[in-house]
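Convention: sequence-line order gives letters A, B, ...; per-chain numbering from 1.
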Protein chains: 2
Amino acid sequence: MTTADLADDLLRSAARISRWASRHAALELPWAQTRVLSLVDELGPARVTALAAADDSSQPTMTAQVQRLEAEGYVSRVPDPDDGRAGLVSLTAAGARALGEARRARARALEPVMAGLDADPARLRDAVALLAELVEATRSPSPALPRTP
Amino acid sequence: MTTADLADDLLRSAARISRWASRHAALELPWAQTRVLSLVDELGPARVTALAAADDSSQPTMTAQVQRLEAEGYVSRVPDPDDGRAGLVSLTAAGARALGEARRARARALEPVMAGLDADPARLRDAVALLAELVEATRSPSPALPRTP
DNA sequence: CCACTATAGATAGATAGCCTATCTATCTCA
DNA sequence: TGAGATAGATAGGCTATCTATCTATAGTGG
């Protein structure tokens, strides 16, 4: 089993499990918008551009999502005091609630499946931790590559 | 850390890593269509309805995807000899090639990140195996629930 | 202070991905 | 053979995205 096979297997399973959970949870908001709420939650008051980068999506896409979320009261926007061009997006109380609901809904779908596996809890925790490390590693501009200044 | 938190963490990481890989790999085909190719590959000559169920999508959605893939030569369809209403979808050589390419492209994106983690290979393998078990468990109609005939 | 260039965000137009509702053809079986 | 079930196709509509482009504000060297 090569590393490439391992990566392929990991990606296939990750895609399936995520899709499955989304489709088996009754979400109040479309998945893409839930994703944005999650990013706003993490990044605090953030610019549209920063959110787009974090979401691996284009700036126009993020602009549209933020506009819809704002129109529906899930996020609010204030002008950036330091930059007249920019705005800072934050969660409203409704947004925080909706995000919590969405997370619980997806987790509720997966929980019985996890329980049914009857796997060693430590093994499960370790796998989840590893996945998180992997996500974290995708964020930093690959430390393996030598910087050429 | 409750099981629900664990499930939530797992889902968040799974969604991110999968999205990240898709967006950092140059795919010849849109992701949804690649997904369908993957299912056709797994399920062999399969009906549209079976593919839709396996993909957690609706039958009309799958009909449309299969039509596009067929028009572009990635899959072929023959009438089901046992059922005049049904058809059986299979990969063409071009479809198999495109699927292989897509998998390699996504794996290539993730591989350096995995390598950069410098994690214990056994730990990595185990995590991937666990994810696969989890996906498998979502397929069976939850063995926990008692059958009411 | 001014023209230049870079950056933040918005707009336009197009395609893909999906859904629900509905329609047709075919199967099954009493 | 006629009723109900099932396979798949159509219609219509909304969301998610992209690329290209536009506006307005910042920062910068003269």
Side-chain angles (χ1 to χ4, degrees), chain A residues 15 18-20 22-40 43 45-72 74-89 98 102, chain B residues 15 18-20 22-40 43 45-72 74-89 98 102:
Chain A
S18 174
R19 180 174 173 87
W20 181 89
S22 286
R23 323 264 350 196
H24 284 78
L27 298 175
E28 152 183 1
L29 236 42
W31 173 239
Q33 286 174 51
T34 304
R35 239 174 42 218
V36 173
L37 288 184
S38 190
L39 288 173
V40 173
L43 305 182
R47 299 179 170 200
V48 165
T49 306
L51 293 172
D55 190 46
D56 290 313
S57 68
S58 69
Q59 170 263 309
T61 293
M62 189 53 68
T63 290
Q65 294 293 28
V66 167
Q67 285 173 341
R68 290 206 354 200
L69 290 170
E70 186 180 22
E72 290 161 1
Y74 294 107
V75 304
S76 62
R77 218 167 358 172
V78 297
D80 184 333
D82 299 333
D83 190 332
R85 298 164 300 178
L88 297 172
V89 182
Chain B
S18 175
R19 180 175 172 87
W20 181 89
S22 286
R23 324 258 16 227
H24 284 78
L27 299 174
E28 151 183 0
L29 237 40
W31 173 238
Q33 286 174 54
T34 304
R35 238 173 43 217
V36 174
L37 288 185
S38 189
L39 288 173
V40 173
L43 304 182
R47 299 180 170 199
V48 165
T49 306
L51 293 172
D55 190 45
D56 289 312
S57 68
S58 69
Q59 169 262 310
T61 294
M62 189 53 67
T63 288
Q65 295 292 27
V66 167
Q67 283 172 343
R68 290 205 355 199
L69 289 170
E70 186 180 22
E72 290 160 3
Y74 295 107
V75 303
S76 62
R77 216 165 1 169
V78 297
D80 184 333
D82 298 333
D83 190 334
R85 299 164 300 179
L88 296 172
V89 182

>> Quick test of your reading of the model: are A:R19 and B:D56 salt-bridged, counting only N-O distances below 4.0 Å?
In response: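 No, this pair does not count.
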
Would you compute the distance between atom [atom1] of [X] and atom [atom2] of [Y] and round it to the nearest 0.5 angstrom?
| X | Y | atom1 | atom2 | answer |
| --- | --- | --- | --- | --- |
| B:R47 | B:L88 | CZ | CG | 6.5 Å |
| B:L37 | B:Y74 | CG | OH | 8.0 Å |
| A:Q65 | A:D55 | CD | CG | 8.0 Å |
| A:L69 | A:M62 | CG | CE | 9.0 Å |

> To the nearest angstrom, how far is A:R85 atom CZ from D:dA24 atom C1'?
Replying inline: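 The answer, rounded to whole Å, is 9 Å.
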
> Just how far, in rounded Å, is C1' of D:dA16 from CZ of A:R19?
Replying inline: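 Nearest whole value for this atom pair: 14 Å.
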
> Is any side-chain heavy atom of A:E70 closer than 4.5 Å to a side-chain heavy atom of A:V89?
Replying inline: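 They are not in side-chain contact.
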
> Does one side chain, of A:T63 or A:Q59, offer a donor that lies under 3.5 Å from an acceptor on the other?
Replying inline: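 There is such a pair (donor and acceptor under 3.5 Å, judged by atom type) between the side chains of A:T63 and A:Q59.
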
> With nearest nucleotides of DNA chain C determined for A:R47 and A:R23 from heavy-atom distances, which residue corresponds to the more 5′ nucleotide?
Replying inline: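 In this pair, the answer is A:R47.
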
>> Just to be sure I understand the geometry, which residues of residues 55-64 of chain A put a non-hydrogen atom under 4.0 Å away from DNA chain C?
In response: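 Heavy-atom cutoff 4.0 Å gives A:Q59, A:P60, A:T63.
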
> Which residue pairs satisfy the salt bridge (charged side-chain N to carboxylate O under 4.0 Å, His left out) criterion with at least one member in residues 22-33 of chain B, sequence neighbours excluded?
Replying inline: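 Checked against salt bridge (charged side-chain N to carboxylate O under 4.0 Å, His left out) - neighbours excluded - the pairs reaching residues 22-33 of chain B are B:E28-B:R97.
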
> Can you pull the contact range of chain B along DNA chain C, 5' to 3', using atoms under 4.0 angstrom from its heavy atoms?
Replying inline: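 For DNA chain C, the relevant span reads C:dA16 to C:dC27.
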
>> Under 4.0 Å, heavy atoms only, any strand: does B:D83 hit a base, just the sugar-phosphate, or nothing?
In response: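 Counting heavy atoms under 4.0 Å across all strands, the contact made by B:D83 is with sugar-phosphate only.
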
